[in-house]
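To keep things clear, I will list the structure first and then write my remarks on it.
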Amino acid sequence: MSDALESLNGLIVPLAEQGLLLPNVAVAELVSFRITRDVPGAPAWFLGWTRWRDQQVPLVDPYALLGQAQDNSGRQPRTLIMNAIGAREGVHFIGMRVWSIPRSRKVLRGEISEAGAPSPYISQRVQLADEPELLMIPDLQAIESALEQAGLLRG
């Protein structure tokens with residue numbers, strides 16, 4: 001079998017309770033955090049819009065979206081710019097506020113196992129052989145759909 005079928009280059013994004021596991025190709029860049037436009041009356045998990053590479057990018061709070069306790073470490077937040085996958089008109093990226101720097105991790109087929117059921121916005125909970133905590137694989141398409149259903153993709 002090819003190496004591409006046996007491993008995946010990923011990123012572990014630490015959150016307060018359970019971190020995220022993302023494939024490298026899902027992430028475009030990690031940049032400084034700033035909101036360029038608030039949206040009054042938006043859901044608690046929607047922080048507003050940020051500007052990145054001359055584009056308006058919707059910015060979500062993964063803590064509120066996934067029901068985790070907020071990070072209160074006192075660190076500076078950053079914005080994780082992710083590639084949109086839903087092929088929605090005019091939506092190419094989605095930003096996520098994070099408080100830690102993601103770390104690269106090569107994930108081998110034999111070292112990942114399911115560790116719980118999917119839930120809203122989570123495709124799967126997994127355990128990696130040498131990681132102490134469970135990780136969540138986010139359902140990026142569901143997050144995009146939630147933005148669309150809340151009327152937040154009109155910029």
Side-chain angles (χ1 to χ4, degrees), residues 8-105 107 112 114-128 131-155:
L8 172 75
N9 291 322
L11 288 174
I12 294 177
V13 182
L15 297 179
E17 295 172 25
Q18 281 186 333
L20 300 176
L21 177 61
L22 294 165
N24 272 0
V25 297
V27 177
E29 191 171 359
L30 182 68
V31 297
S32 60
F33 177 79
R34 78 171 195 270
I35 296 174
T36 55
R37 187 166 47 115
D38 291 326
V39 177
W45 51 263
F46 183 73
L47 299 170
W49 293 86
T50 191
R51 193 141 190 81
W52 178 71
R53 295 190 181 183
D54 295 326
Q55 297 179 58
Q56 288 292 328
V57 176
L59 188 57
V60 299
D61 178 356
Y63 295 91
L65 186 70
L66 303 174
Q68 288 197 21
Q70 286 292 320
D71 185 297
N72 52 1
S73 63
R75 292 177 289 204
Q76 280 291 104
R78 292 175 172 81
T79 301
L80 188 67
I81 303 290
M82 299 182 301
N83 296 304
I85 60 172
R88 287 172 175 80
E89 183 69 30
V91 180
H92 305 291
F93 303 97
I94 293 175
M96 187 177 286
R97 180 178 63 185
V98 296
W99 297 88
S100 297
I101 296 175
R103 62 184 167 86
S104 183
R105 176 68 160 47
V107 178
I112 188 169
E114 291 183 18
S119 60
Y121 311 114
I122 300 299
S123 292
Q124 189 63 59
R125 294 178 198 286
V126 297
Q127 179 74 56
L128 297 180
E131 291 293 329
E133 68 174 15
L134 296 179
L135 299 168
M136 301 177 291
I137 298 173
D139 185 341
L140 300 177
Q141 192 144 358
I143 294 169
E144 288 178 37
S145 293
L147 286 162
E148 184 175 57
Q149 290 168 6
L152 297 168
L153 294 183
R154 295 184 194 100

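The first residue of the sequence shown is numbered 1, and numbering continues consecutively from there. In what follows, every heavy atom counts, from backbone to side chain, and hydrogens, waters and symmetry copies are set aside.
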Given 3.5 Å as the limit, does a donor-acceptor pair link the side chain of Q18 with the main chain of E133, or not? no

Has Q124 got a side-chain atom pairing as donor or acceptor with A117's backbone, closer than 3.5 angstrom? no

Applying side chain to side chain contact (heavy atoms under 4.5 Å, CB included) to F33 and L80, what does each step give before you reach the verdict? CA-CA 9 Å; F33 177 79; L80 188 67; over 6 Å; no

Counting distance only, does the side-chain N/O of T50 pair as donor-acceptor with the main-chain N or O of R34 below 3.5 Å? yes

Tell me, with the steps shown, if V27 and N83 meet side chain to side chain contact (heavy atoms under 4.5 Å, CB included). CA-CA 6 Å; V27 177; N83 296 304; 6.0 Å; no

Q127 side chain to L135 main-chain N or O, any donor-acceptor pair under 3.5 Å? no

Could you tell me whether a side-chain N or O of E144 sits under 3.5 Å from a main-chain N or O of I85, the two making a donor and an acceptor? yes

Does the T36 side chain pair with the main chain of W49, one donor and one acceptor, at a distance under 3.5 Å? yes

Calculate, to the nearest 0.5 Å, the distance between atoms CG and CG belonging to N9 and N24 respectively. 5.5 Å

Full working for side chain to side chain contact (heavy atoms under 4.5 Å, CB included) between R78 and V31: CA-CA 6 Å; R78 292 175 172 81; V31 297; over 6 Å; no

NZ/NE/NH1/NH2 to OD/OE distance under 4.0 Å, E17 and R125: no

State, yes or no, whether a side-chain contact exists between I12 and P102 at a heavy-atom distance under 4.5 Å. no

Taking it one step at a time, do V13 and L22 satisfy side chain to side chain contact (heavy atoms under 4.5 Å, CB included)? CA-CA 8 Å; V13 182; L22 294 165; 3.9 Å; yes

